[in-house]
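What follows is a short report on a single structure.
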Amino acid sequence: MKEKILTNVRIIDPSQQMDEDGNIIIDKNGKIKKIGKGAKISDVNKDSEKIDLKGDIAIPGIVDMKAFVGEPGFEYKENFRTLSQAALAGGVTSIVTMPNTKPIIDNVSMVDFIIRRGRDKAKVNLFPCASITRKIEGNQMTEFGLLKARGIIGFSDVTKTIQNAELMSRVMNYASDLDVLIMQHAEDYELSKNASINEGEIATRLGLQGVSDLAEKIIIERDLSLLSEFPCRYHINQISSENSLNVIKKNKSNGIKFTTGVSINNLSLNQNDIGEFRTFLKMSPPLRAEKDRISLIEGIKNDLIDVIVSDHIPEDEESKRLPFAQAATGSIGIETLLSLAIELYHNKSLPLEKIIKCLTINPAKILKINKGTLKQGADADICIFDLEKPWVVKAENLKSKSKNTAIENRKLQGKVVMTFLNGELLYSN
Amino acid sequence: MATVKKVSAIKNAPQHLLGIQNLSVLEAKNILNEAKSFIKLNRSSSKKLDVLRGKTQINLFFEPSTRTQSSFDLAGKRLGADVMTMNVGNSALKKGETLIDTAMTLNAMHPDIIIIRHQDSGAPNLLSQKVNCSVINAGDGRREHPTQALLDALTIINRKGNIEGLKIAICGDILHSRVARSNIYLMNMLGAEVNVIAPKTLMPTEIEKLGVKAFTDMKKGLDGCDIVMMLRLQNERMQGSFLPSKREYYEFFGLTPEKLKFAKKDALLMHPGPMNRGVEIDTKLADDINVSLVKEQVELGVAVRMACLKLYCK
């Protein structure tokens with residue numbers, strides 16, 4: 001690879017508190033050689049490749065902590081190739097993949113398969129998760145130690161929750177010794193039974209069984225109580241309500257150490273968007289009231305929420321074109337993650353630096369990976385975007401194999417123009 | 001003078017009756033007026049019209065039903081339509097696939113109108129997107145049962161002359177009731193004041209936002225009411241997690257002659273049926289022809305459904 005210099009670029013890298021106009025020099029090995037005002041054109045050889053970015057913004061490649069790839073078992077929904085295309089088009093260079101495949105990633109041989117397959121087919125950095133419990137049944141824990149040694153980044157039962165408090169305490173206790181990351185989906189099953197939507201007026205009008213935010217709060221409260229006894233690397237995958245946020249605030253001020261994520265959907269949409277049974281907006285946790293959405297944004301401002309995820313869940317039409325209660329949960333979103341997040345900057349909800357932080361260095365720190373930064377010597381995974389460019393989301397133009405976007409026809413401002421992985425230009429628009 | 005030419009190439013999309021929520025006041029009143037003309041016809045000896053001759057009506061029932069289904073059946077036949085009834089029931093097949101697949105199959109047979117009942121809220125909306133004919137909702141999950149509300153309105157109008165200004169209480173399992181929801185929308189729309197009365201575990205959250213006052217006390221809820229609508233309490237709710245027992249429910253929420261006295265002197269009683277005598281309603285009260293409108297509801301149900309078929313089958 002030739003040495004590269006990206007010129008005329010505004011660099012926002014929260015990992016080094018950088019927001020300045022300058023250049024980026026990428027060395028022959030695909031690492032950042034120099035960055036910022038100090039990186040001069042005179043620093044590179046004459047034959048090196050020059051790319052003029054015309055004032056666009058460069059940020060570290062986005063680290064998405066929650067995405068589903070259909071391999072193995074659900075290739076008709078999404079495969080490594082289509083997921084990486086969608087990710088690169090959205091400026092995402094590192095993806096934490098979920099283990100609820102078929103078969104489930106709960107043993108060492110599956111990990112070997114998934115890593116080999118990902119290496120052959122994917123063009124992004126993949127960080128696979130394994131399940132916390134075998135077959136995601138919530139009964140027996142998986143082999144944390146062996147799985148970690150084979151390259152598993154963290155453990156999650158995805159949209160399932162360990163209901164048994166004793167098992168949860170043992171998971172935490174055991175995990176603390178091995179320093180593995182436990183990612184919990186907070187949902188009490190009894191309280192969420194048959195539910196497909198937030199409890200409240202909309203559920204009452206649509207005649208659907210609602211789930212109150214208590215179902216989420218009660219598990220977070222339980223887990224944080226356990227965590228104070230058994231401290232481990234604990235992360236709440238996605239929270240959705242003001243009530244949960246209050247619990248988090250209380251516990252953080254009591255000195256309990258844990259991290260929290262939120263889906264871009266819960267930051268940008270609310271239950272009213274479901275309209276008359278739009279199943280693409282059926283999510284878990286569900287979209288809640290506007291006051292919850294606003295409080296989640298406050299949560300990011302106040303550092304109570306650390307990470308924004310796409311919660312990318314590709315589903316084929318057949319599993320969505322059903323009565324609401326029967327329809328599959330989730331929507332795609334990896335490609336629109338950044339644009340939708342930037343909407344929060346344009347509508348003055350959040351500062352740009354904070355958004356970028358939640359998409360890059362914060363998840364990288366939680367995962368303990370050397371990503372999400374453009375410091376000298378780091379891998380040159382870079383996302384270049386035009387902050388102002390207007391565009392309209394059209395499912396047919398999205399790169400995912402499944403087209404279940406929750407924001408069809410949404411008018412957005414800000415779009416990824418280039419994505420570099422290890423210094424190589426893999427996407428440009 | 002220039003006249004506006006009708007553009008025949010633009011065909012109106014088929015209209016559906018999916019819920020009272022989607023109706024305007026005018027549309028609701030139009031149905032009720034149309035239905036009035038059928039009351040007489042239904043009482044005469046010659047009941048058959050040929051308004052819908054040559055039209056095909058399919059009754060697609062995914063949930064068992066006696067009165068609604070037979071009412072639609074009869075209504076269609078009296079208007080001269082060819083009526084076919086399919087009881088899909090709870091087959092072993094995945095229900096959702098059955099709905100879409102069945103819709104496609106039926107659509108290929110060119111029906112003019114489909115009447116659907118389904119256990120999932122929103123199923124008629126989904127069906128209406130998949131077929132080229134009109135769809136009438138005969139009850140979906142706990143969301144809506146528009147023709148029931150319309151027949152209740154017609155029954156009230158028939159007795160009281162008007163709905164505007166009346167005070168109506170709906171009492172029972174509001175949470176699981178599509179009849180309650182459709183009636184709340186329709187009675188509000190027609191100018192009545194609506195109270196809902198239920199134990200807290202059977203009251204939907206934020207029900208007040210639908211424009212009603214919520215009560216847990218029969219005495220307060222029935223105060224000054226002209227109409228008392230009782231709802232059926234389903235067996236599975238009577239024990240365990242929603243309510244402690246039948247006995248306790250009857251004690252506090254069962255309608256007895258004594259509790260009816262909390263309402264206006266000339267208050268009338270309605271029930272969508274089938275009734276659980278001795279659970280939500282005193283059996284003598286249910287049969288008291290001076291108070292109970294239950295039989296009239298069934299009778300006018302046919303007229304309302306004839307009106308809906310006539311207006312929506314195009």
Side-chain angles (χ1 to χ4, degrees), chain A residues 188-217 241-243 270-282 286-292 315-329 404 408, chain B residues 16 18-22 62-63 93-104 116-130 137 139-146 174-182 184-185 196 198 202-212 214 241:
Chain A
D188 182 274
Y189 287 173
E190 296 300 330
L191 288 173
S192 70
K193 203 162 24 179
N194 302 323
S196 49
I197 183 172
N198 182 39
E199 189 172 88
E201 184 193 349
I202 306 287
T204 298
R205 277 186 189 277
L206 294 178
L208 295 169
Q209 175 73 44
V211 54
S212 104
D213 54 14
L214 266 180
E216 181 174 291
K217 184 182 164 203
S241 74
E242 186 178 13
N243 270 337
N270 69 27
Q271 55 180 354
N272 296 308
D273 293 305
I274 292 167
E276 274 214 340
F277 303 104
R278 291 177 61 202
T279 55
F280 285 11
L281 281 83
K282 182 178 174 183
L287 298 175
R288 297 203 190 268
E290 178 64 4
K291 74 162 178 63
D292 291 307
E315 285 292 349
D316 57 317
E317 288 227 337
E318 289 319 302
S319 37
K320 281 288 189 183
R321 295 255 184 266
L322 290 172
F324 200 87
Q326 292 177 30
T329 303
N404 55 316
E408 174 75 350
Chain B
H16 311 292
L18 301 175
I20 303 288
Q21 284 179 93
N22 316 88
F62 289 87
E63 221 181 43
L93 281 164
K94 232 180 129 191
K95 288 165 209 157
E97 283 169 3
T98 315
L99 174 64
I100 293 294
D101 292 347
T102 318
M104 297 301 207
I116 176 177
R117 165 167 292 191
H118 200 280
Q119 58 276 23
D120 283 317
S121 303
N125 304 50
L126 186 63
L127 181 78
S128 70
Q129 293 160 14
K130 292 274 170 184
N137 179 5
D140 63 325
R142 36 172 109 165
R143 180 171 159 268
E144 282 241 34
H145 193 351
I174 311 284
L175 180 63
H176 299 95
S177 176
R178 52 192 173 218
V179 176
R181 285 176 178 73
S182 286
I184 289 170
Y185 304 131
V196 293
L202 294 176
M203 190 74 91
T205 43
E206 303 190 14
I207 186 79
E208 298 83 3
K209 292 198 176 162
L210 270 57
V212 298
S241 63

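Residue numbering restarts at 1 for every chain, and letters A, B, ... go by the order of the sequence lines.
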Heavy-atom distances under 4.5 Å only: say whether [X] touches chain A with side chain, backbone, both or neither.
X: B:R181; value: side chain
X: B:L126; value: side chain
X: B:E208; value: neither

*asked:* Could you check whether any side-chain heavy atom of A:Q326 comes within less than 4.5 Å of a side-chain heavy atom of B:L99, counting everything from C-beta outward?
replied: no
*Nearest atoms (heavy-atom pairs only) where A:P323 meets B:A123*: CG-CB, 4.2 Å
*What closest approach, in Å, do A:R205 and B:L210 show between heavy atoms, and which atom pair accounts for it?*
CG-CD1, 3.8 Å
*Look up atom CZ in B:R142 and atom CG in A:L206, then write down how far apart they are to the nearest 0.5 Å.*
11.5 Å
*For B:R143 and A:F324, what are the C-alpha separation, side-chain angles and deciding distance, and is it a side-chain contact (heavy atoms from CB on, under 4.5 Å)?*
CA-CA 12 Å; B:R143 180 171 159 268; A:F324 200 87; over 6 Å; no
*Checking A:E318 against chain B: side chain, backbone, both or neither under 4.5 Å from a heavy atom?*
neither
List for me each residue that meets side chain to side chain donor-acceptor pair (under 3.5 Å) alongside [X], sequence neighbours excluded, and say none if there are none.
X: A:N272; value: A:N270
X: B:N137; value: B:D140
X: B:K209; value: B:E206

*Going through the distances and angles, do A:R321 and B:K130 end up as a side-chain contact (heavy atoms from CB on, under 4.5 Å)?*
CA-CA 10 Å; A:R321 295 255 184 266; B:K130 292 274 170 184; 4.0 Å; yes
*Residue by residue, which of residues 189-203 of chain A have a heavy atom closer than 4.5 Å to a heavy atom belonging to chain B?*
A:E199, A:G200, A:E201
*Report the C-alpha distance between A:L208 and B:S121 in whole Å, list the side-chain angles of each, state the deciding distance to 0.1 Å, and finish with yes or no for side-chain contact (heavy atoms from CB on, under 4.5 Å).*
CA-CA 6 Å; A:L208 295 169; B:S121 303; 3.9 Å; yes
